[in-house]
Amino acid sequence: MNKRVILAYSGGLDTSVIVRWLTERGYEVITYTADVGQGEELKDIPQKAKASGAVEAVVEDLKEEFAKEYCLPTLRALALYEGKYPLTASLSRPLIAKKLVEYAQKFEADYVAHGSTGKGNDQVRFELSVWALNPDIEVLAPVREWEFKSREEEVEYALKFNIPVKATKEKPYSIDKNLWGISIECGPLEDPWTEPPEDAFEWTVSPKDAPEEPEELEINFEEGTPVAINGKNYPQLHELIMDLNRMAGRHGVGRIDMVENRLVGIKSREVYEAPGATLLYEAYRDLLSLTLDRFTFHYFLSHIPHEYAKLVYEGLWFSPLREALDGFTERLSRYVQGTVRLKLYKGRCWVVGRKSERSLYVEDLATYSEKDAFDHTAGAHFTKVFGLPMKILGRVRKKCS
């Protein structure tokens with residue numbers, strides 16, 4: 001067995017230190033960096049990785065694949081972990097794991113490695129994804145076993161070996177970014193009573209500093225895929241999402257602060273920014289409510305979002321269940337055809353209009369004006385039949401009381 005390893009490399013504090021740490025232990029490190037819409041310049045990544053000790057550095061543009069094959073199915077499921085988290089970091093892990101396996105085969109490496117901690121969720125997501133694709137490969141997780149007890153010690157190690165990192169003792173945040181959103185941890189955020197400092201946020205302005213005037217925008221959907229903003233068509237989905245990030249971010253929309261239940265059994269305070277995803281979730285759900293019949297819509301809401309979010313959060317992207325649920329949501333997505341108009345103002349967004357050629361809303365039946373075409377006498381018959389079980393229940397209660 002060789003000691004060649006493919007490392008999932010972000011260029012951040014943990015993975016930068018890992019390159020040096022593995023090299024000192026005799027590993028030949030090849031770094032792999034996925035461009036999933038971090039919004040950062042990655043051209044210096046190879047130089048930085050090699051300066052830390054890597055023998056080779058691969059950077060690959062995966063923005064459109066990430067948007068279409070990972071973000072879009074999750075949007076169609078309206079998956080929010082514990083009703084709030086839009087699975088920003090969770091979604092990129094199976095894609096990166098797939099690429100680690102591919103490059104391990106290409107470079108004939110016997111190992112892949114990641115920078116996840118022993119109490120984080122990402123270790124599970126990376127390793128379950130890798131093993132689902134190649135059960136024979138060995139996964140290294142240096143952060144689970146190395147000598148550093150804090151991020152401050154990692155910063156000192158990086159400075160000692162002239163490894164450039166953005167984290168400092170003054171701003172010790174752990175940040176993970178992709179086009180679907182940003183995950184922010186560590187530092188003052190570890191106290192759930194402390195309000196997140198403004199310097200923790202990158203994509204969203206403080207709502208108090210947002211424009212004084214609200215902004216409206218329209219999102220067009222074709223068969224469950226967002227394709228246009230305010231009439232401007234986007235041939236590539238990732239570009240639409242990134243533009244929504246900018247539009248929503250300048251109004252302070254998309255900040256999420258929550259205490260979530262991690263896989264390993266602890267609670268963790270997490271802060272996220274997901275401006276574009278927030279708009280898309282609002283719009284998609286609203287259009288779905290307009291175009292789906294009551295029975296399907298209720299079944300969808302009560303069964304799919306929670307279960308799908310759990311699968312993604314718990315690292316089960318490559319499970320048959322996730323693939324089966326995709327089949328269900330993809331079938332429903334054919335009905336998501338139309339336009340949603342949203343208003344953005346001071347950290348909030350809400351739907352103010354929607355229209356669709358597949359709309360099941362019939363104004364003549366819903367109106368209380370003179371155009372009312374609803375048969376009110378039929379309502380009495382319906383209520384009598386629908387209410388029969390309660391009438392029977394009432395009689396039994398009266399008899400037994």
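The first residue in the sequence is number 1, and the count goes up from there. Small disclaimer: the values here were computed from a predicted structure and weren't measured.
A donor-acceptor contact shorter than 3.5 Å links the side chain of N245 to the backbone of L179. Within the 3.5 Å criterion, the main-chain N or O of D286 finds a donor-acceptor partner in the side chain of S289. In this structure, the side chain of S52 engages the main chain of K48 through a donor-acceptor pair within 3.5 Å. At distances below 3.5 Å, not a single donor-acceptor pair connects side-chain atoms of K346 with backbone N or O atoms of G252. The backbone N or O of Q38 sits nowhere less than 3.5 Å from a side-chain atom of N178 that would complete a donor-acceptor pair. With hydrogens and angles ignored, the 3.5 Å screen pairs no side-chain donor or acceptor of W317 with any backbone N or O of L311. T329 places a side-chain N or O within 3.5 Å of a backbone atom of L325 that can act as its donor or acceptor partner. When atom types are taken as modelled, the side chain of E64 and the backbone of L62 share no donor-acceptor pair closer than 3.5 angstrom. Put simply, the side chain of R255 gets close to the backbone of T204: a donor and an acceptor are under 3.5 Å apart. Under a 3.5 Å cut-off, the side chain of E307 and the backbone N or O of H303 do not form any donor-acceptor pair.
Distance check, rounded to the nearest 0.5 Å: CG of L301 to CG of L288 gives 7.5 Å. Remark: S333 OG to F221 CZ distance equals 11.0 Å, nearest 0.5 Å. To the nearest 0.5 angstrom, R76 atom CZ is 12.5 Å from R331 atom CZ. Residue K106 holds its NZ atom at 9.5 Å from CD1 of I30, rounded to the nearest 0.5 Å. Of the inter-residue distances, the one linking I175 atom CD1 with I184 atom CD1 reads 6.0 Å to the nearest 0.5 angstrom. Note: I229 CD1 to T339 OG1 = 12.5 Å, rounded to the nearest 0.5 Å.
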task = Take I219 and L280 through the side-chain contact (heavy atoms from CB on, under 4.5 Å) test and state the conclusion after the steps.
result = CA-CA 8 Å; I219 303 176; L280 288 170; 4.2 Å; yes

query = Going through the distances and angles, do K3 and D110 end up as a salt bridge (Lys or Arg N to Asp or Glu O under 4.0 Å)?
reply = CA-CA 7 Å; K3 295 195 73 174; D110 289 322; over 6 Å; no

request  = Decide side chain to side chain donor-acceptor pair (under 3.5 Å) for E82 and H306; before the verdict, give the C-alpha distance in whole Å, the side-chain angles of both, and the deciding distance to 0.1 Å.
outcome  = CA-CA 7 Å; E82 298 187 336; H306 175 69; over 6 Å; no

message = Please determine whether salt bridge (Lys or Arg N to Asp or Glu O under 4.0 Å) holds for the pair E239 and K68, giving the CA-CA distance in whole Å, both sets of side-chain angles, and the decisive distance to 0.1 Å.
response = CA-CA 11 Å; E239 292 179 350; K68 292 182 71 173; over 6 Å; no

task = Might you work through the salt bridge (Lys or Arg N to Asp or Glu O under 4.0 Å) test for E260 and K84, ending with a clear yes or no?
result = CA-CA 9 Å; E260 71 185 43; K84 297 181 74 173; over 6 Å; no

key: Test log, rule ring-ring contact (aromatic ring centres under 6.0 Å, His included), inputs F374 and H376   = CA-CA 6 Å; F374 189 85; H376 289 259; 5.7 Å; yes

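Between V155 and L13, some side-chain heavy-atom pair lies under the 4.5 Å cut-off. Using a 4.5 Å cut-off on side-chain heavy atoms (C-beta onward), L91 and V312 make contact. Between E65 and K98, the closest side-chain pair of non-hydrogen atoms falls below 4.5 Å. Put simply, the side chain of Y103 reaches to within 4.5 Å of the side chain of E60, judged on heavy atoms. No side-chain heavy atom of Y70 sits under 4.5 Å from any side-chain heavy atom of W180. By the 4.5 Å heavy-atom criterion applied to side chains, M247 and M242 are not counted as neighbours. With contacts defined as side-chain heavy-atom distances shorter than 4.5 Å, the pair V59/Y32 does not qualify. Using a 4.5 Å cut-off on side-chain heavy atoms (C-beta onward), K63 and D35 make contact.
Residues P226 and L75 share a closest heavy-atom pair of CD-CD2, 4.4 Å. Of all heavy-atom pairs spanning L237 and A67, the tightest one is CD2-O, 3.5 Å. In this structure, L128 and G315 approach most closely via the heavy-atom pair CB-O, 3.5 Å. A pairwise comparison of heavy atoms in K371 and E363 identifies NZ-OE2, 3.7 Å as the closest pair. Taking each heavy atom of I18 and P142 in turn, the nearest pair found is CG2-CG, 3.8 Å. The two residues L279 and A248 make their nearest non-hydrogen contact at CD1-CB, 3.7 Å.
The number of heavy atoms from other shown groups lying within 6.0 Å of CD (E218) is above 12. Within 6.0 Å of CZ in F300 there are more than 12 heavy atoms belonging to other residues, nucleotides or ligands. Taking a 6.0 Å sphere around CD of E147, one finds it holds more than 12 heavy atoms contributed by other residues, nucleotides or ligands. By the neighbour-count criterion of 12 heavy atoms within 6.0 Å, atom CD of Q47 is sparsely surrounded, having that number or fewer from other residues, nucleotides or ligands. Counted within 6.0 Å of CD on Q105, heavy atoms from surrounding residues, nucleotides or ligands total 12 or fewer; the atom is thus considered open. Shown here is R354, whose CZ atom has more than 12 heavy atoms of other residues, nucleotides or ligands within 6.0 Å.
Between the side chains of D326 and Y308, a donor-acceptor pair is found at a separation under 3.5 Å. For the residue pair S356 / T291, no side-chain donor-acceptor distance below 3.5 Å is found, with atom types taken as modelled. The closest side-chain donor-acceptor pair between Y234 and D243 falls under 3.5 angstrom.
The pair R250-E215 meets the salt-bridge criterion, since a charged nitrogen lies less than 4.0 angstrom from a carboxylate oxygen. E216 and K343 are joined by a salt bridge, as a carboxylate oxygen and a charged side-chain nitrogen come within less than 4.0 angstrom of each other. A salt bridge between R348 and E282 is absent, with no side-chain N of the basic residue lying under 4.0 Å from a carboxylate O of the acidic one.
Geometrically, R125 engages Y313 in a cation-pi contact defined by less than 6.0 Å to the ring centre and at most 45° from the axis. Cation-pi geometry between R4 and Y27 is not satisfied (NZ or CZ under 6.0 Å from the ring centre, within 45° of the ring normal).
Between F328 and Y299, the ring planes lie perpendicular to each other; the angle is over 60°, past the 30° to 60° tilted range.
In summary, of the residues considered (Y9, W21, Y157), a side chain to side chain contact (heavy atoms under 4.5 Å, CB included) with S16 occurs for Y9 alone.
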